[in-house]
Amino acid sequence: MEFTFGEYFPYVHHPARVPQGLAEGVEGRRHTVAIVGGGPTGLALALGLANYGVASVVLEADDTVCSGSRAGAFTRRTLEIFERLGIIDEVMRSGHGWSTGWTYYRDKEVFRLEMPNDANQKHPPAISHLQNYIEHVMAGRADEGGLAEVRWQSEVTGLSQAPRVVRLDVATPAGNYSLDADWVVACDGARSNVRSLMGLRMQGTRYEGRYVIIDVRVDTEGMPVGRRCWFDPPSMPGGTLLMYKKPNGMLRFDYQIGEDEDEEVAMRKENVFAAVDAHLRMLGIERKWEPVWMSLYRASALTLESYIHGRVLFAGDAAHLIPIFGVRGMNSAIDDTHNLAWKLAFAAKGIAGPALLDSYSAERVHAARENQRFAMKGAEFMSPPSKPFRLMRDAVLSLSEKHPWFTSLMNPRQHSAIPLTQSALNAFPERSAQFEAGPAPGNILPECPLIADGKATHLTSLLGPQFTAFLFTEAGELPRGLTEAVAALCARAPLELRVISKADDHTGRLFPLYGAQPGTFYLVRPDGHVCARWLSAEPAELTAAVARILEPQVPSTA
Amino acid sequence: MTPQELDDVYTKLGYALTDVGEKDTPLVLARLALLLMQKVGDAAAISLAIDAALEGYRPK
């Protein structure tokens, strides 16, 4: 159930188009990658692939961005990926950074969430934004780049696989056609057409709690940015309500409806508007507001068993549904695309064998299950799954003001990158075990400022569409054999060696953060996960670690 | 804790819950359980106590 009252900002509406040069209804040009779905997942993947010089066609059923804003909080890991996709400046310019959340029981603040933030960080822990505005920015970037072609009003109605090729049937108001692609990636959301066409089903749990979600336009001047959550507020006795400030003068409300409440009645405009009015009045806010979009939400934790089926891959909501608590939906979808883009690009260009794509499925199925596990904890606190569970939850709430010890149970466990510590792509664990600090294989890089190429920057800003090898040195000295090993590897796969001297570590925090001494060496995947590290560089093992990624043993689990 | 002290706190709780009334007794007992978890401070011991409390009451 969903109502759209207006546009969040003026959308660009695109015409339908049928490509030139059809032969018996089939597009003459064969595509390397066809992406089904032009939401945030599909567009992020297209931009990611373009970074590796891989062209893609994106088939989007609608004529513009999604009408509801949906995702509203984007975490630091996502911002790091947005930087790589070339959209960070516009996203930061138009969004609100935040790091604090407030939880209230009745009218008392009982818990304050402070998201991890320190002087090492380049990006805030989270920003508040509109999903559809980010889609708008991504689509604009795709048009500029030229490698990602978005075809609007193009619905996929059929799919068949032959050896080494996938055929898609596409329906548009301007006519129907088919196209062939080496790879297809389904990014077409929770109600994925591709998933149904292939007869695949997600498995998992559906939760009881139902939530009304409404975005309203109001003057938000002076309101704090960040998650605000009320249990049993005076405006809604017995209820649970979230309020969240968004850019463009928008407020998001999510509130739970009662177990016995009828959905149709709960979603009547007059009832929803009255709930918003009551809460604003409770906060002493007397401002005119207008509704923009509202929807009914019920949490599900579902996933496909595998995200690769022949030459068809799945990402984002088409692959998994994660309860909204902890903002792990779109954030994990963006992480999916970041994990997939380099692997698909390497497979498409023949740099790696197709087995590398199996690691995408293993790693991201693992990540989906971890995200679901964390989100479930949030869901269980927000909407306890039984009456006795609710009794315990209420006991925690009623104790929390005087006994802050219990408030850790209220932590919404916001999204961060899921460590891939069991990934088949990780190498030389015995070398990693010798470190006393720093990210072990499978983890992403902790942020830290440093000097590179004579300029102050941050470590994650040095990552690009290639493997990155960080060599920590006293003053730039290279271990024997490393230059030769790196040169030989560069002929096989894109790799950049970054030599960091003690002088580059101008804050003195980088070496200790990475447990590094002169000679220490980290090998980092194109998606920013560490795959191996050596206290003292071993050029022969570096070669073996990269070879292992390009020709992985088929992994069983992440 | 001596047997006499145990008798005292047991009786205190019984009378107090009687005053609170049947409706709010579950919530007060839940609060008490949580506060005792904090006091005990030993997850394994608490987990064993939960199992002991469930003895004879687990769904068949």
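In what follows, every chain begins at residue 1, and chains take the letters A, B, ... in the order their sequences are listed.
Judged as a ring pair (Phe, Tyr, Trp, His ring centres under 6.0 Å), and not counting sequence neighbours, A:Y255 has no contacts. Residues forming a ring pair (Phe, Tyr, Trp, His ring centres under 6.0 Å) with A:Y297 (at least two apart in sequence, or on another chain): none.
If you measure heavy-atom distances from B:L29 to chain A, you find no contacts under 4.5 Å at all.
Closest non-hydrogen pair, B:A30 versus A:L391, comes out as CB-CG, 4.1 Å.
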Chain A to chain B donor-acceptor contacts, backbone plus side chain, under 3.5 Å:
{"residue": "A:S398", "atom": "O", "partner": "B:R31", "partner atom": "NH1", "Å": "3.3"}
{"residue": "A:S398", "atom": "OG", "partner": "B:R31", "partner atom": "NH1", "Å": "2.8"}

Report all side-chain donor-acceptor pairs from residues 276-284 of chain A shorter than 3.5 Å, counting only partners two or more places apart or in another chain.
{"residue": "A:D277", "atom": "OD1", "partner": "A:W289", "partner atom": "NE1", "Å": "2.9"}
{"residue": "A:H279", "atom": "ND1", "partner": "A:S235", "partner atom": "OG", "Å": "2.8"}

